[in-house]
Amino acid sequence: MVDDSPARRILAAVRAIPPGRWAGYGDVARTAGLPGRARMVARVLAHASDASLPWHRVLRSDGRIAFAGDDPRAAEQAARLCREGVPVVEGRVRTPRIDVARASRAALDAALWGPG
DNA sequence: CATATGACGTGGG
DNA sequence: CCCCACGCCATAT
């Protein structure tokens with residue numbers, strides 16, 4: 001079926017976040033059917049091998065980057081976000097997060113119905 | 001087996 | 001804004 005292992009559902013949820021937007025770890029977990037498992041999302045992303053995965057669109061619930069400020073990964077994430085038009089100031093974004101579950105459903109609809 | 005550790009979240013003081 | 005407690009759970013030590 002479309003949903004397989006928890007990890008797979010998490011990755012699917014992350015991929016559903018459109019460019020220029022972001023979502024929280026908890027949001028992704030809920031969308032993946034794993035309420036309260038934000039840490040699991042972090043783990044999955046940490047071990048993800050898919051280079052095309054938009055991991056940079058996942059932030060803490062308050063819009064801050066999860067890595068420490070001196071962590072090179074933080075700079076990388078900020079760069080990617082800025083590149084998509086999401087300004088990162090002091091390690092945090094101001095733009096409102098999106099409803100991942102909604103985006104996820106939209107993605108499924110698009111996959112089923114196609115562009116037209 | 002006991003503790004500590006993470007790319008976390010929420011609630012309260 | 002700060003700090004703390006607790007919930008969560010796979011891995012690591």
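Excluded from the calculations below are hydrogen atoms, water molecules and symmetry mates; all remaining heavy atoms, backbone and side chain alike, are included. Throughout, a chain's letter reflects where its sequence line sits, starting with A, and its residues are numbered from 1.
- For the pair A:Asp62 CG and B:dG11 P, the interatomic distance rounds to 14 Å; values are reported in whole Å.
- Look at CG on A:Asp70: it is 12 Å from P on B:dA7, rounded to the nearest Å.
- If you check every strand for non-hydrogen atoms under 4.0 Å, A:Arg43 touches a base.
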Subject >> Intermediate values then yes/no, side chain to side chain contact (heavy atoms under 4.5 Å, CB included), A:Asp50 and A:Arg15 >> reply: CA-CA 11 Å; A:Asp50 181 6; A:Arg15 280 187 272 259; 2.9 Å; yes
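- Residues A:Leu81 and A:Val93 have side chains in contact (heavy-atom distance under 4.5 Å, counting atoms from C-beta outward).
- For A:Trp22 and B:dC8, the CH2 to C1' distance is 13 Å, given to the nearest whole Å.
- Partners of A:Arg80 according to the salt bridge (charged side-chain N to carboxylate O under 4.0 Å, His left out) rule, which considers only residues two or more places apart in sequence or in another chain, are A:Glu76.
- The distance from atom OH of A:Tyr25 to atom C1' of C:dC9 is 16 Å, rounded to the nearest whole Å.
- Following rounding to the nearest Å, A:Met40 (CE) and B:dG9 (P) show an atom-to-atom distance of 15 Å.
- Ranked by how close their nearest DNA chain B nucleotide is to the 5' end, A:Leu45 and A:Arg97 are led by A:Leu45.
- Checked against B:dA7, B:dT10, C:dG7, the side chain of A:Trp55 finds its nearest nucleotide in B:dA7.
- The backbone N or O of A:Ala68 lies less than 3.5 Å from no partner atom in the side chain of A:Asp71, so there is not a single donor-acceptor pair.
- Look at CG on A:Asp71: it is 17 Å from P on B:dT5, rounded to the nearest Å.
- Place A:His47 and A:Arg39 on DNA chain C by their nearest nucleotides, and A:Arg39 ends up nearer the 5' end.
- The distance between atom CZ of A:Arg30 and atom P of C:dG7, rounded to the nearest whole Å, is 19 Å.
- At the phosphate of B:dC8, OP1 or OP2 sits under 4.0 Å from a side-chain N or O atom of A:Arg60.
- Separating the P atom of C:dC6 from that of B:dA7 is a span of 23 Å, rounded to the nearest Å.
- Ion pairing between a basic and an acidic side chain is recognised when a charged N comes within 4.0 Å of a carboxylate O; A:Arg60 and A:Asp62 show no such pairing.
- The interatomic distance linking A:Ile10 (CD1) with B:dA7 (C1') rounds to 12 Å, in whole Å.
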